[in-house]
Chemist: 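To start, I am sharing the structure in question, which I have written as structure tokens.
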Amino acid sequence: MGTKMGSGRLKDQFGDRFNQGQPAWSGEKGGECLIGGVKQFGEHEVREVSAGGYELSKGGVVVGSFRSGRIDPDRVVFPLGHGTRLEVSNQGTREILAPEKAMLGGLIASDGGNHFYCRHDKKTGRYVCYYTTRFASEDRGLMELFDSLFEAVYDKTPGHYGSENMRKGYISSKGVFYDLSDIDIKTGPDEFRVPREHLDHAGKQAYLTGFFSGDGNVSVCRRGGRVGYMVRVYSSCREGLEGVRDLFLDLGFHPHEIHDEIRVRETRTETYFTFSIPTEEHPRFIHEIGSYNSEHRKKFEDMERRAGRDYE
Amino acid sequence: MSDRSTTGKMTSHRIWFPADLPQDVRKRAEEHIRRMWKNTTKECELWISGRDRQLGAGFGVRAYAVAPQIVPSLVERLMDLAMARNNKIHDVGLELHGRVVSAGERYQDDMQTVQKAYDEQQKILTERVKEDGRVSEALSKGAKDVYVYAQTNIVCELRSEQASKIVVEAIADYLELTMECLDLLVDELRRRGLAGGVVGYRLWRDLDRLVIDEIRVNDEDVLVWLLYPAKRVAHS
């Protein structure tokens, strides 16, 4: 996957990123063919059918048919709709999130919400429920990204409102609410769970990009003429942050341990949690994870400019 | 709104989360004050926690009010201020106290005292990190200097005609960056008429708890970052 440091509109870069080298779900196959029209994964078998598309069978019984699919060396992936895919491999089958949906999940986990509330309507005597999935940001680029991802996954355009310094994008849909609730994208106002079991390599990268865009931080440490950078992820949700750190470990990064950022108060001490990415992994982080947040992108550009000079 | 803790003398509510709009904060403050302010309530503490994305520094603003009617407009004005510069806001909350807690919030050192305490802290930490095997090895191989970046909390007390007291805190990896973040907030509070003069500062630290987060060894020097270790939490 290429870098996100290129120029151009964020929306276009998002399109470039997700379409890069990826076959469209139009019946076009990926890099591999099924040898003899059949591929075996443990007790599952994927067979190309003469009318087009694929059949998935388990123990000789057809359990699914698909108009399109992507054949990778170690797996076959079928689209299921709403940014969800079925992965068939030697480990069995599992539902995985398309990168667009994974990134949307990361954005919502950091700066969004997915909730409902019900009220009793005295006139009708019935309960009326409202479902909302939302994202708020002061960064126009991030709001554009949220819209693009939502359109790509759910084919719905979020509504907007807010002020000059912060916009909110929202969708009121019971279907979307339950779809995202099923994977525990946001379990409370500032609690989240990383759907690690539904993320493949590309999904993990995309989730981290979305999350870092909201809750990532790049700080500059100056000492004389020398400049060093710290790339950190913050959250008030310790358990969620552990999940984020696990994704970095899965991708072969070596994030430091989680630490406390203590805030001083007379009545009690308030804590946020954080971990950092080691300096030697910053170039890889910028290219493989990166961020759509404009402040982060400026700093990444500085970091790349300084690379090979005084940037340690 | 969510309860953080509730006792007979104190109620604490978060009234704003990252997915909310800034204008939600006033309405929720009004509602909370209307429902929760009792005859026994002596003071309201409101807080905003955030991060200055340009500097990469954390911050907190706390204001104390003894009159319930000023709380909604105060929280709205502070929110507006905290959101400037594309800052990330983590949360906003209100806490009602059965005593005047602001009297205990005293940060009255001058900057010379803070600088002296910081220099002393840096000396202690530098000597301590030199005992780390990776640092001592780098020094034995020719690195000349050790630079320490430790989580640095500076708390500043401000006079205010709007509130009983305003306290601002900034958190970054070293004093200059922390002060840059703090000064921006203090200047803005004064420019908007929310705060008057600075009463004083304090460098908050707990040196014994700081641990090494990262070590970078260059040809000439060794850079060491120190943070507070996370307390273990029981997972349900």
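A quick note: this is a predicted structure, and the numbers were derived from the prediction, not measured. Residue numbers start from 1 in every chain, and the chains themselves are labelled A, B, ... in the order their sequence lines are given, proteins ahead of strands. Keep in mind that the numbers below use all heavy atoms, side chains included, and drop hydrogens, waters and symmetry copies.
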Chemist: Any carboxylate oxygen within less than 4.0 angstrom of a Lys/Arg side-chain nitrogen, looking at Asp139(A) and Arg53(B)?
Modeler: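 A salt bridge is absent here (no side-chain N lies under 4.0 Å from a carboxylate O).
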Chemist: Select one option (side chain, backbone, both, neither) describing which atoms of Asn217(A) are under 4.5 Å from chain B's heavy atoms.
Modeler: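 Contact with chain B is through the side chain of Asn217(A) alone.
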Chemist: Name the region of Tyr174(B), side chain, backbone, both or neither, that has any atom closer than 4.5 Å to a heavy atom of chain A.
Modeler: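 Side chain of Tyr174(B) only, per the 4.5 Å heavy-atom cut-off to chain A.
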Chemist: To check you understand the geometry: which heavy-atom pair defines the closest contact between Asp80(B) and Arg192(B), and what is its length?
Modeler: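 Nearest heavy atoms, Asp80(B) then Arg192(B): OD2-NH1, 2.9 Å.
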Chemist: Is Asn87(B) close to chain A through its backbone or its side chain, or both, or neither, when contacts mean heavy atoms under 4.5 Å?
Modeler: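 The backbone, not the side chain.
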Chemist: In a check of salt bridge (charged side-chain N to carboxylate O under 4.0 Å, His left out) between Glu105(B) and each of Lys165(B), Arg202(B), Arg62(B), which one passes?
Modeler: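 When Lys165(B), Arg202(B), Arg62(B) are each tested with Glu105(B), the salt bridge (charged side-chain N to carboxylate O under 4.0 Å, His left out) holds only for Arg62(B).
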Chemist: Which one, Ile171(B), Leu177(B), Val155(B), Asp213(B), leads in non-hydrogen pairs under 4.5 Å with chain A?
Modeler: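 Among the listed options, the one with the most contacts to chain A is Asp213(B).
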Chemist: So, Lys298(A) and Glu295(A), do they make that salt bridge, N to O below 4.0 Å?
Modeler: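 Salt bridge present between Lys298(A) and Glu295(A).
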Chemist: Answer yes if the side chains of Tyr130(A) and Arg119(A) hold a donor-acceptor pair under 3.5 Å, and no otherwise.
Modeler: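 Present: a donor and an acceptor within the cut-off.
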Chemist: Just give me the residue among Lys186(A), Arg134(A), Met230(A), Arg167(A) that pairs up with chain B most often, heavy atom to heavy atom, under 4.5 Å.
Modeler: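 So the answer, after comparing Lys186(A), Arg134(A), Met230(A), Arg167(A), is Met230(A).
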Chemist: In terms of the angle between their ring planes, are Phe116(A) and Phe177(A) parallel, tilted or perpendicular, with boundaries placed at 30° and 60°?
Modeler: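 Perpendicular, since the angle between the ring planes exceeds 60°.
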Chemist: What part of Arg209(B) gets within 4.5 angstrom of chain A, counting heavy atoms only: side chain, backbone, both, or neither?
Modeler: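 Answer is side chain: those atoms of Arg209(B) sit under 4.5 Å from chain A.
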Chemist: Once the angle between the rings of Tyr207(A) and Phe211(A) is folded into 0 to 90°, is it parallel (under 30°), tilted (30 to 60°) or perpendicular (over 60°)?
Modeler: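 Ring orientation of Tyr207(A) relative to Phe211(A): parallel.
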Chemist: What part of Tyr161(A) gets closer than 4.5 Å to chain B, counting heavy atoms only: side chain, backbone, both or neither?
Modeler: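 Both backbone and side chain.
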Chemist: Checking heavy atoms, do the side chain of Lys299(A), its backbone, both or neither come under 4.5 Å from chain B?
Modeler: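 Side chain of Lys299(A) only, per the 4.5 Å heavy-atom cut-off to chain B.
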Chemist: Report the option among Cys221(A), Ser235(A), Gly169(A) that has the most heavy-atom pairs separated by less than 4.5 Å from atoms of chain B.
Modeler: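 Among Cys221(A), Ser235(A), Gly169(A), the one with the most close pairs to chain B is Cys221(A).
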Chemist: Can you say whether Ser102(B) sits under 4.5 Å from chain A via the side chain, the backbone, both, or neither, judging by heavy atoms?
Modeler: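 Contact with chain A: none, neither part.
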Chemist: What part of Gln23(B) lies closer than 4.5 angstrom to a heavy atom of chain A: side chain, backbone, both or neither?
Modeler: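 For Gln23(B), side-chain heavy atoms alone lie under 4.5 Å from chain A.
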Chemist: With a 4.5 angstrom heavy-atom cut-off, could you sort out which part of Ile277(A) is near chain B: side chain, backbone, both or neither?
Modeler: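 Ile277(A) touches chain B through backbone heavy atoms alone.
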Chemist: Which residue, Phe212(A), Phe248(A), Phe275(A), forms the ring-ring contact (aromatic ring centres under 6.0 Å, His included) with Phe253(A)?
Modeler: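 That would be Phe248(A); it is the only one of Phe212(A), Phe248(A), Phe275(A) passing the ring-ring contact (aromatic ring centres under 6.0 Å, His included) with Phe253(A).
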Chemist: Strictly below 4.0 Å, N to O, side chains only: are Arg263(A) and Glu169(B) in salt-bridge contact?
Modeler: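 No, no charged N to carboxylate O under 4.0 Å.
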Chemist: Out of Ser236(A), Pro278(A), Gly113(A), Ser294(A), return the one with the most heavy atom pairs under 4.5 angstrom to chain B.
Modeler: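 Among the listed options, the one with the most contacts to chain B is Pro278(A).
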Chemist: By a 4.5 Å heavy-atom criterion (distance strictly below it), what part of Gln54(B) contacts chain A: side chain, backbone, both, or neither?
Modeler: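 Both parts, heavy atoms under 4.5 Å.
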Chemist: Tell me, out of Asp215(A), Ile108(A), Asp111(A), Val220(A), who's got the most heavy-atom pairs with chain B below 4.5 Å.
Modeler: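 Winner by heavy-atom pair count: Asp111(A).
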Chemist: With a 4.5 angstrom heavy-atom cut-off, which part of Asp24(B) approaches chain A: side chain, backbone, both or neither?
Modeler: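 Side chain only.
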Chemist: Give a yes or no on whether a salt bridge exists between Arg222(A) and Glu176(B), defined as a side-chain N under 4.0 angstrom from a carboxylate O.
Modeler: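 The answer is no: the pair does not qualify as a salt bridge.
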